Number of protein chains: 2
Amino acid sequence: MKKIDILKKLRSSKLRPTKQRVEIAKFLFEREKTFHFTVESLNKLLIKKSTSKIALATIYNTVHAFKTAGHLSEVEVRGNKTYFDTNVSNHHHFYDSENSELIDIDANEIVIQKIPKAPNGKKIKNVEVFINLKN
Amino acid sequence: MKKIDILKKLRSSKLRPTKQRVEIAKFLFEREKTFHFTVESLNKLLIKKSTSKIALATIYNTVHAFKTAGHLSEVEVRGNKTYFDTNVSNHHHFYDSENSELIDIDANEIVIQKIPKAPNGKKIKNVEVFINLKN
DNA sequence: ATCTAGTTTATAATTATTCTAAAGTGAAAA
DNA sequence: TTTTCACTTTAGAATAATTATAAACTAGAT
C-alpha cells in the first residue's frame, strides 16, 4: 500500500492525517500479510520502528478510530487483552494459546452445514469460528 | 442437585468444603438451567441471597477452582469481562451484544462440514462457534 | 482438644484501558 | 501567507477487572 493510499484511507475515514496517524497507518497497512496485534504489542513495535515516540493514548485512539472506520477488526480471544486484525473480511481464526497467537482462516475454508435459528426477534449478525489449538 | 452432591463435587475436586465454597457451589449448581455469569454479577447475587458476606477474592478463587476442576467453563466474549458457564459440555453460544447476554447452543445444533487442518505440528483442541446477534 | 495446612479476608498491587486538561497542529478562511 | 480554531496529542490521573499479600481463621487429622 502506497503512501497516497494511506492518506486516502485516513481521509475517507474522516481521520485527519496527522503525523502520528500516518505513522501508525503505514505501520499497520503497508504490509503483505495480515497483521494481528494488541495495543501493547503495537506500542512496543512502534517504539522500535518509529523515530518519534507516540503516546499510548494516541495508539488507543487511532486504533479505535480505524476500527470504527472499518479498517481493522477486533478479535476476542481467551485472556484479557484485545486483539486487532488488519484482515477485515469475514473470516475465522485458529488460536494457539501456547504462544497467544492468532492465525487467520479464510471464510471459505470452513463450511457450516447446520445452524440454529436466532432467538425471539433477533437476527444473526455474523458467525465466528475459533479453532483452539494444542501441541 | 442435592447438598450431598455438592459436597461430593467439592471433595472429588480436592476442594475443602468450607462454608463459603458450599454457599457458592449451591448457588451455582442447584438449578435446573444453565447459568451464565461474571464474577461481578455472581458477587451481587450472592450479596442478596446469602446471609454472610463473601469476599470478592474468595469468589474469584472459588470460581477459578471450579473451572480448574472442570465444573465451570470459561467463555470469552467481546468486552472486558470474563463469563463463566455452568454448562461444561462441548457446546456453542449465541451472543447478544445489546444486553451482553450469552445463550447456549447445543453441540448437535451446529454441524460443520469442512474444517482446515491444524498448522505445523499442532492439533485441534476444540472448535467454538459464536453466533453474534443483532436486533 | 490440639495442631497444621489450607482458607478467607481486607487491602494493596497490577494491568488494560479510558479520561482529562493543557499544549500543539492541520487546514479552512481571510 | 497568516490567522484562527476545532481537532489532536500528550503525560499523567482515573477507572475497572483481576491477582497478590499477609494476617486471622478453620476443617479435619492426630
Side-chain angles (χ1 to χ4, degrees), chain A residues 3-4 6-27 36-47 50-69 72 74-84 100 102, chain B residues 3-4 6-27 36-47 50-69 72 74-84 100 102:
Chain A
K3 190 175 181 183
I4 183 67
I6 292 286
L7 294 180
K8 267 186 196 163
K9 175 172 277 194
L10 286 164
R11 287 219 185 79
S12 70
S13 322
K14 289 170 188 167
L15 293 172
R16 198 185 274 182
T18 62
K19 182 159 59 74
Q20 290 87 344
R21 284 175 178 166
V22 169
E23 215 163 330
I24 294 171
K26 286 180 70 175
F27 188 80
H36 294 109
F37 62 96
T38 64
V39 171
E40 189 199 16
S41 70
L42 178 58
N43 185 38
K44 278 183 189 163
L45 291 167
L46 281 172
I47 287 170
S50 161
T51 45
S52 52
K53 197 210 168 240
I54 300 176
L56 193 57
T58 300
I59 297 176
Y60 272 99
N61 291 342
T62 307
V63 165
H64 282 130
F66 283 142
K67 186 200 155 192
T68 302
L72 291 174
E74 194 175 346
V75 186
E76 193 78 14
V77 296
R78 288 187 188 288
N80 42 351
K81 280 179 210 158
T82 301
Y83 284 73
F84 292 90
S100 301
L102 275 177
Chain B
K3 189 174 179 181
I4 182 69
I6 292 286
L7 294 180
K8 266 185 197 165
K9 175 173 275 193
L10 285 165
R11 287 217 186 80
S12 70
S13 322
K14 288 169 191 168
L15 291 172
R16 198 184 276 182
T18 62
K19 182 159 59 74
Q20 291 86 343
R21 283 176 178 165
V22 170
E23 215 164 330
I24 295 171
K26 286 179 70 177
F27 188 80
H36 293 110
F37 62 95
T38 64
V39 171
E40 188 198 15
S41 69
L42 178 58
N43 186 38
K44 279 183 188 164
L45 291 168
L46 282 172
I47 286 170
S50 162
T51 45
S52 54
K53 197 213 168 236
I54 300 176
L56 193 58
T58 299
I59 297 177
Y60 272 100
N61 290 341
T62 306
V63 164
H64 281 130
F66 283 142
K67 187 201 155 192
T68 302
L72 291 174
E74 196 175 346
V75 186
E76 192 80 14
V77 296
R78 287 187 188 289
N80 42 351
K81 280 179 208 155
T82 301
Y83 284 74
F84 292 90
S100 301
L102 276 177

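Model, not experiment: these values are computed from the prediction.
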Chemist: Show the nearest heavy-atom pair for residues A:Leu7 and A:Pro17, with the distance to one decimal.
Modeler: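 Scanning both residues completely, I find the closest heavy atoms to be CD2-CB, 3.8 Å.
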Chemist: Provide, to the nearest angstrom, the distance between the CG atom belonging to A:Leu7 and the C1' atom belonging to C:dG26.
Modeler: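 My rounded result for the distance is 13 Å.
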Chemist: Can you see if the side chain of A:His64 gets near the phosphate of C:dT18 - specifically, an N or O under 4.0 Å from OP1 or OP2?
Modeler: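 Yes, A:His64 has a side-chain N/O under 4.0 Å of OP1/OP2 on C:dT18.
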Chemist: In whole angstroms, how far is the P atom of D:dT8 from the CD atom of A:Glu23?
Modeler: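 For the pair A:Glu23 CD and D:dT8 P, the rounded distance is 17 Å.
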Chemist: B:Leu42 CG to D:dT18 C1': how many Å, rounded?
Modeler: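 These atoms are roughly 15 Å apart.
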Chemist: Working to the nearest 0.5 Å, report the span between CG of B:Leu72 and CD of B:Glu74.
Modeler: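 The CG atom of B:Leu72 sits 10.0 Å away from the CD atom of B:Glu74.
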Chemist: Output all residues satisfying ring-ring contact (aromatic ring centres under 6.0 Å, His included) with A:Phe66, sequence neighbours left out; order by chain, then residue number.
Modeler: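 ring-ring contact (aromatic ring centres under 6.0 Å, His included) list for A:Phe66, sorted by chain: A:Phe29.
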Chemist: Strictly under 3.5 Å: I want the nitrogen or oxygen pairs between protein and nucleotides 3-13 of chain C, one per line.
Modeler:
| unit_1 | atom_1 | unit_2 | atom_2 | d |
| --- | --- | --- | --- | --- |
| C:dG6 | O4' | B:Arg16 | NH2 | 3.1 |
| C:dT7 | OP1 | B:Arg16 | N | 3.4 |
| C:dT7 | OP1 | B:Arg21 | NH1 | 2.6 |
| C:dT8 | OP1 | B:Thr18 | OG1 | 2.5 |
| C:dT8 | O3' | B:Gln20 | NE2 | 2.6 |
| C:dT9 | OP1 | B:Gln20 | NE2 | 3.1 |
| C:dT9 | OP1 | B:Lys53 | O | 3.3 |
| C:dT9 | OP2 | B:Ala55 | N | 3.0 |
| C:dT9 | OP2 | B:Thr58 | OG1 | 2.8 |

Chemist: What is the distance, to the nearest angstrom, from the CG atom on B:Asn43 to the P atom on D:dT18?
Modeler: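 My rounded result for the distance is 12 Å.
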Chemist: I'd like to know if the side chain of B:Thr68 and the backbone of B:His64 have a donor-acceptor N/O pair within less than 3.5 Å.
Modeler: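 Yes, B:Thr68 side chain to B:His64 backbone: donor-acceptor pair under 3.5 Å.
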Chemist: Nearest whole angstrom, please: distance from the C1' of D:dT8 to the OH of A:Tyr60.
Modeler: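 Result: 19 Å.
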Chemist: Figure out the CD1/C1' separation between B:Ile59 and D:dT19, and round it to whole Å.
Modeler: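 Checked: the CD1 to C1' distance equals 15 Å.
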Chemist: Could you check how far CD of B:Glu40 sits from P of D:dT19, rounded to whole Å?
Modeler: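 It works out to 15 Å between those atoms.
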Chemist: List the atom of A:Gln20, the atom of A:Thr58, and the distance in Å for their closest heavy-atom pair.
Modeler: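 So the two residues come closest at CB-CG2, 4.1 Å.
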Chemist: How many angstroms lie between CZ in B:Phe27 and CG in B:Leu46, if you round to the nearest 0.5 Å?
Modeler: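 These two atoms lie 5.5 Å from each other.
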Chemist: Starting from P on D:dT10, measure out to CG on A:Leu46 and report it in whole angstrom.
Modeler: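 Nearest whole value for this atom pair: 11 Å.
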Chemist: Between A:Thr82 and C:dT17, is there a side-chain N or O to OP1/OP2 distance below 4.0 Å?
Modeler: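 Answer is yes, contact under 4.0 Å.
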